[in-house]
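Take a look at the structure set out below.
Atoms within each ligand, like the ligands themselves, are counted from 1 in listed order. Just so it is clear, the structure is predicted and the values come from calculations on it, not from any experiment.
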Amino acid sequence: MEMSHRSKVFVEIAAEMEALMRELMGIPANYKVLYLQGGASMQFAQIPMNLMVSKKADYLDTGEFASKAIGEAEKFGTVNIVASSKEDKYTYIPDIDPENLDASADYLHMTTNNTIFGTRHAAVPKVSVPLVSDMSSCILSEVYDVNDYGLIYAGAQKNIAPAGVTFVIIREDLLARSADDLPYMFSYKTLAKNESMINTPPCYSMYMAKLVFEWLKDFGGVAAIQKVNEEKAQILYDHVDNSKLFSNPVRVADRSIMNVPFVTGNEELDSKFIKEAEKAGFVNLKGHRIVGGMRASIYNAMPSQGVKALVEFMKIFEVENK
Ligand SMILES: Cc1ncc(COP(=O)(O)O)c(C=O)c1O
């Protein structure tokens with residue numbers, strides 16, 4: 001952990017990490033991979049800072065993080081909200097009316113998986129401008145075609161590594177947009193030119209990312225984990241949909257395979273469930289404070305047995321609390 005980031009050993013770790021990520025995600029040669037700090041939240045600002053050259057961008061409003069990204073972008077230019085499901089508590093992915101799209105927008109920003117609300121874009125929106133996506137809670141969970149995007153970003157802390165590193169996968173032609181007077185730590189162009197090593201990168205998190213990428217490769221890659229993720233989610237959704245106690249408010253076609261929210265409809269019973277679940281060894285099931293209830297986050301590291309055990313616990317709780 002005290003190793004210099006310029007040492008031969010660490011430079012090799014970084015190179016292996018990037019090569020594995022490129023292989024797993026099929027990242028084409030005309031994309032740069034940046035490893036930065038500041039979390040996905042910093043990207044909410046860094047994206048418009050670099051890419052909003054004509055000071056206007058289209059955004060999809062599909063949840064809390066999408067709306068935070070919108071708030072930050074508004075500090076740099078005009079944000080056109082193309083579609084929103086806010087009025088319905090973000091329980092679905094809204095359709096895009098092509099008339100709302102601005103062909104001269106600098107980019108369209110989307111959040112592929114909405115962590116808090118448990119929705120996900122099952123299809124890539126068709127747009128003529130570069131697509132920018134926040135994949136923080138779904139990167140490497142299913143196969144994505146990187147060619148569909150101008151920029152993909154994700155904090156590491158769900159499917160990749162402990163918090164610390166944030167990945168930005170950017171198509172090279174977009175690097176030219178970074179203004180020369182941007183502070184160097186914020187300029188995609190300068191960061192890319194310096195292999196993200198202008199200063200000390202989040203070395204430990206990157207080392208862990210390399211180990212996780214090796215694990216995922218041995219597992220069979222993204223297509224293999226996608227199959228497991230879809231099975232895990234289906235087990236949980238099937239149980240919730242057939243239960244008389246639990247329910248999930250999300251439109252079926254838009255359901256996330258990473259985050260499954262569910263409620264009993266009674267706040268006291270929800271609290272009781274969370275407490276008893278914790279005693280039985282099921283931790284982190286409390287839903288985000290905005291939505292309440294429960295949320296099972298079933299990222300790549302959660303095996304099927306974990307989901308099956310949760311379903312068994314839910315069955316017993318339902319019988320005992322009829
Ligand atoms: C989809 C999404 N975007 C952004 C964030 C914020 O990420 P960070 O804490 O890395 O800034 C999160 C965190 O949970 C998230 O799930």
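- With hydrogens and angles disregarded, a donor-acceptor distance shorter than 3.5 Å links the side chain of R177 to the backbone of L51.
- For atom 11 (O) of ligand 1, the closest heavy atom belonging to the protein is S41 OG, 2.5 Å.
- Of the protein's non-hydrogen atoms, the one nearest atom 16 (O) of ligand 1 is T115 OG1, 2.5 Å.
- For Y149 and Y31, the distance between ring centers is not under 6.0 angstrom.
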| request: Evaluate side-chain contact (heavy atoms from CB on, under 4.5 Å) for R6 paired with M197, printing each intermediate quantity in order. | output: CA-CA 9 Å; R6 307 234 177 253; M197 297 250 197; 4.0 Å; yes

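- A side chain to side chain contact (heavy atoms under 4.5 Å, CB included) with R295 is found for exactly one of T115, V260, L285, namely T115.
- Under the side chain to side chain contact (heavy atoms under 4.5 Å, CB included) rule, V129 has a single partner from D106, L101, D102, L108, which is L108.
- Of all atoms in ligand 1, listed by their number and element, those nearer than 4.0 Å to a heavy atom of G39 are 10 (O), 11 (O).
- Of all protein heavy atoms, the one lying nearest to atom 3 (N) of ligand 1 is D134 OD2, 2.6 Å.
- What sits closest to atom 7 (O) of ligand 1 on the protein, heavy atoms only, is A40 CB, 3.5 Å.
- F219 has its ring centre no less than 6.0 Å from the ring centre of F213.
- Backbone and side-chain nitrogen or oxygen atoms of F65 are examined, and none is located within less than 3.5 angstrom of a nitrogen or oxygen of ligand 1.
- For atom 14 (O) of ligand 1, the choice among Q43, K158, Q157 with the nearest heavy atom turns out to be K158.
- Remark: K8 pairs with E12 by the side-chain hydrogen bond (donor to acceptor under 3.5 Å, both in side chains) rule, at least two apart or across chains.
- Ligand 1 has at least one atom lying under 4.0 Å from a heavy atom of N113.
- Residue contacts with ligand 1, taken as heavy atom pairs separated by less than 4.0 Å, involve F44 solely via side-chain atoms from C-beta onward.
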